[in-house]
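Note sheet for the following structure.
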There are 2 protein chains.
Amino acid sequence: MSKLRSAPTLDDVAKLAGVSTATVSRCLNNPDQVVKATRERVQSAVDALGYMPNFAARVMAAKRTSTIGAIIPTMENAIFARGLQAFQEELHQHGYTLLVSSSAYNPEIEEEQIRTLVARGADGLLLIGHDRNPRIYEDLERRSISTLVAWSYLPDAQIASIGFDNRTAMAELANRVIELGHRKIGMISGISAGNDRARLRIEGVKDAVKQSNLSTSDLTIVETPYEIENGAEAFSKMMSHTKPPTAILCGNDVLAVGALHRAQEMKLQVPKDVSITGFDDIELARIATPALTTVHVPHREMGRKAALELVRMLENQGTGTSAQLATHIVERQSLGPPAGT
Amino acid sequence: MSKLRSAPTLDDVAKLAGVSTATVSRCLNNPDQVVKATRERVQSAVDALGYMPNFAARVMAAKRTSTIGAIIPTMENAIFARGLQAFQEELHQHGYTLLVSSSAYNPEIEEEQIRTLVARGADGLLLIGHDRNPRIYEDLERRSISTLVAWSYLPDAQIASIGFDNRTAMAELANRVIELGHRKIGMISGISAGNDRARLRIEGVKDAVKQSNLSTSDLTIVETPYEIENGAEAFSKMMSHTKPPTAILCGNDVLAVGALHRAQEMKLQVPKDVSITGFDDIELARIATPALTTVHVPHREMGRKAALELVRMLENQGTGTSAQLATHIVERQSLGPPAGT
DNA sequence: ATGAAAAATGCAAGCGCTTACATAACTGCT
DNA sequence: AGCAGTTATGTAAGCGCTTGCATTTTTCAT
């Protein structure tokens, strides 16, 4: 026996089957170019050897990886998981593999991850949100790597995006809050630097406030990382003011759940004493007590559409087309009219 | 200008810097083998060209990928996210990259994912739990891919594992439940087929029941996929019996939260009318109302230790050493004595 | 049967990198 | 200055696969 403990190669298979490596390669990649008898002979050789193609070698020779990379801010909350699941299912349908990594909302880590994925030969890339160093886009362009942005729809951006209008979505929710009679409003936002979703959601609230002739002093905004604990902390700080808000809009469901939990600890009734809203409509929002009024984002649809668009871009060499998805407010129990109405 | 729209190669860099490709390669991989002046010249060439090494080519030549693959059952709940985060941080420290994929608790998908990761050249693999087709272990062995199992500690298993004793951990919790006076017990477990963690947790409960001379008819077990909705469904079914249990142990926190939520919908007070416990101690457990009594699993420590052990295995060609981690019960509000005590 | 077109297979040139080995350029010492 | 020892750099052989082109085999209409 030769070369024990060393994975069999195409050559080994070819030898055993008594054909050339080219034929084996064709059997694996374009079976219909090979006559049935040969194909079967090759197949048994493959089975006998337990042959498995070497990905790196294949990539080198074929100059395509059929791999798409995605960089998401975090895996530690469910926001992206569901969309990515759909994304990967759809990609799989089309013969692509997904590589995921996370940036912990840190632009530098994100950039490093992009480089890693590119070096690994990702044919295409899915990025979350638009805000990042423009040099990155140039590099991607130069390497002609198809890139698509999700979770944010900005028709005029340099890069095509499949997403929703964060600003308008949040403005609608804020309008609803104001319409219910709230005049003193708080917002617990994620960190807006380098995060257009967070930034635009803030803008949305500001739009609504402006539109309804509230003074800007009636709106308090706090920025904090997207973690439950931070939502709780921000909430207690905000409620300790002399004239605390009667409604607090949170940048996402995670922050809202933190706020909700702290409210409960502080013996504040939601929504009687204070209303709290979220954004995203993840499972947590339904489960929370009281259930969270929030903005529903069509995560799965977004993932699926993004996959389709990216595949289209790759196969047609074309530049991407943006698409906007609709969001809607899901009214549950955490939002109500202010006390004394 | 030559070859527009084509990523620069080592050759391009070498030419521009006026050195050989070997020198450029050394600058990138073993900088101290190159004199400073040359190194700087090469560096500027790299910068000027925006050079980025081609991973596939590097792998082919070096025959290592410095990549570890991990296959987890799901990304859709936080159980694995935190451990994996620590795992990847530690790997990064040692110069390894992590590739993650998920199997949706489906053995066939898991097997396919393993093949994919192996084909991609993963030097090592992290798998969750022991139960799987033994052929897989043989293949891995044959290809000499270091493999480690986490989330389950089974000292006698074929493969080294870093984890905890699911059976004893669950037995302790069940003992505590019985000690509080419960005599009619329910268990909502995950699907145990192909999942040793689920199976062992069931065994743990059975152990406790046996030990305290309860009859087996006092224990009702239901298996259902690990989703909130399923926990809720299982809960209502279980409570609709003529003599429903006074305490329900759930296979993980996700199921428990589902049960908790349904209890609330059914106007059942927890723990007054019925006690509910979880397993894992994810964030959700603290946030739930009432907060969940559960078994704390040291996810981060497990991830970190697994990374260290895997790196050790890779660098010393050694076979792995198993390690057991301690779990402990976290008593919160969802467990109390049965009504009328 | 026979030859041209079609189908199946083989040949061999890379893909972009690493690395053993060979060679060249420096040290510092006498 | 000259030599041995050390350090820096160059040369070139692959790594395992795909694919354009050349060659052989099959098919089929005449």
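This is a predicted model, so every value here is computed, not measured. Reminder, nothing fancy here: chain letters follow the sequence lines and each chain counts from 1.
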Qualifying residues under ring pair (Phe, Tyr, Trp, His ring centres under 6.0 Å), relative to B:Phe87, sequence neighbours excluded: none
Would you give me the side-chain donor-acceptor pairs under 3.5 Å for residues 149-162 of chain B, sequence neighbours excluded?
| residue | atom | partner | partner atom | Å |
| --- | --- | --- | --- | --- |
| B:Ser152 | OG | B:Asp196 | OD2 | 3.1 |
| B:Ser161 | OG | B:Ser152 | O | 3.4 |
| B:Ser161 | OG | B:Leu154 | N | 3.2 |

Just the rounded figure in Å: distance from C1' of D:dG14 to NZ of B:Lys63. 9 Å
Tell me every residue that passes side chain to side chain contact (heavy atoms under 4.5 Å, CB included) with A:Arg312, counting only those two or more places apart in sequence or in another chain. A:Glu309, A:Asn316, A:Thr321
Can you find a side-chain donor-acceptor pair between B:Asp123 and B:Thr65 that sits under 3.5 Å? yes
Could you tell me how far apart B:Asp11 (CG) and D:dG10 (P) are, to the nearest whole angstrom? 13 Å
Name the nucleic acid region contacted by B:Ser25, choosing base, sugar-phosphate or nothing; use a 4.0 angstrom heavy-atom cut-off, strictly under. base
Partner set under ring pair (Phe, Tyr, Trp, His ring centres under 6.0 Å) for B:Tyr51, not counting sequence neighbours: none
Rounded to whole angstroms, how far apart are CG on A:Leu10 and C1' on D:dC15? 13 Å
Side chain to side chain contact (heavy atoms under 4.5 Å, CB included) with B:Ala45: which residues, sequence neighbours excluded? B:Val13, B:Leu16, B:Ala17
When rounded to whole Å, the CG to C1' distance for the pair A:Asn30 and D:dC17 reads 14 Å
Do we see a donor-acceptor contact under 3.5 Å between the side chains of B:Glu110 and B:Asn106? no
Just the rounded figure in Å: distance from C1' of D:dC17 to CG of A:Asp12. 13 Å
Every protein N/O within reach of nucleotides 22-28 of chain C N/O, cut-off under 3.5 Å:
none

Take atom NZ of A:Lys36 and atom P of D:dT25, then tell me their distance rounded to the nearest Å. 23 Å
End axis versus end axis in the helix from C:dA1-D:dT30 to C:dT30-D:dA1, the angle rounded to 10°, five pairs used at each terminus: 30°
By ring pair (Phe, Tyr, Trp, His ring centres under 6.0 Å) - contacts of A:Phe55 (at least two apart): none
Residues A:Arg115 and A:Glu111 bridged, charged N to O under 4.0 Å: yes
Close N or O pairs between protein and nucleotides 8-14 of chain C (under 3.5 Å):
| residue | atom | partner | partner atom | Å |
| --- | --- | --- | --- | --- |
| C:dT9 | OP1 | A:Thr38 | OG1 | 2.2 |
| C:dT9 | OP2 | A:Val35 | N | 3.0 |
| C:dG10 | OP2 | A:Ser20 | N | 2.8 |
| C:dG10 | OP2 | A:Ser20 | OG | 3.1 |
| C:dG10 | OP2 | A:Thr23 | OG1 | 2.6 |
| C:dG10 | N7 | A:Arg26 | NH1 | 3.4 |
| C:dG10 | O6 | A:Arg26 | NH2 | 2.6 |

Against A:Glu301, only a single residue in A:Lys305, A:Arg304, A:His299 fulfils side-chain hydrogen bond (donor to acceptor under 3.5 Å, both in side chains); can you say which? A:Lys305
Salt-bridge test for B:Glu89 and B:Arg300: reply yes if a basic N is under 4.0 Å from a carboxylate O, no otherwise. yes
Counterpart residues, ring pair (Phe, Tyr, Trp, His ring centres under 6.0 Å), relative to A:Tyr105 (two or more places apart): A:Tyr226
Round to the nearest Å and state the distance from A:Arg64 atom CZ to D:dT19 atom C1'. 11 Å
By a strict heavy-atom criterion of less than 4.0 Å, which residues belonging to residues 49-58 of chain B are in contact with DNA chain D? none
Using residues 24-38 of chain A as the side-chain source, report each donor-acceptor pair under 3.5 Å to any protein atom, sequence neighbours left out, with the distance given to one decimal.
| residue | atom | partner | partner atom | Å |
| --- | --- | --- | --- | --- |
| A:Ser25 | OG | A:Asn29 | ND2 | 3.4 |
| A:Asn29 | OD1 | A:Arg58 | NH1 | 2.8 |
| A:Asn29 | ND2 | A:Ser25 | O | 3.1 |

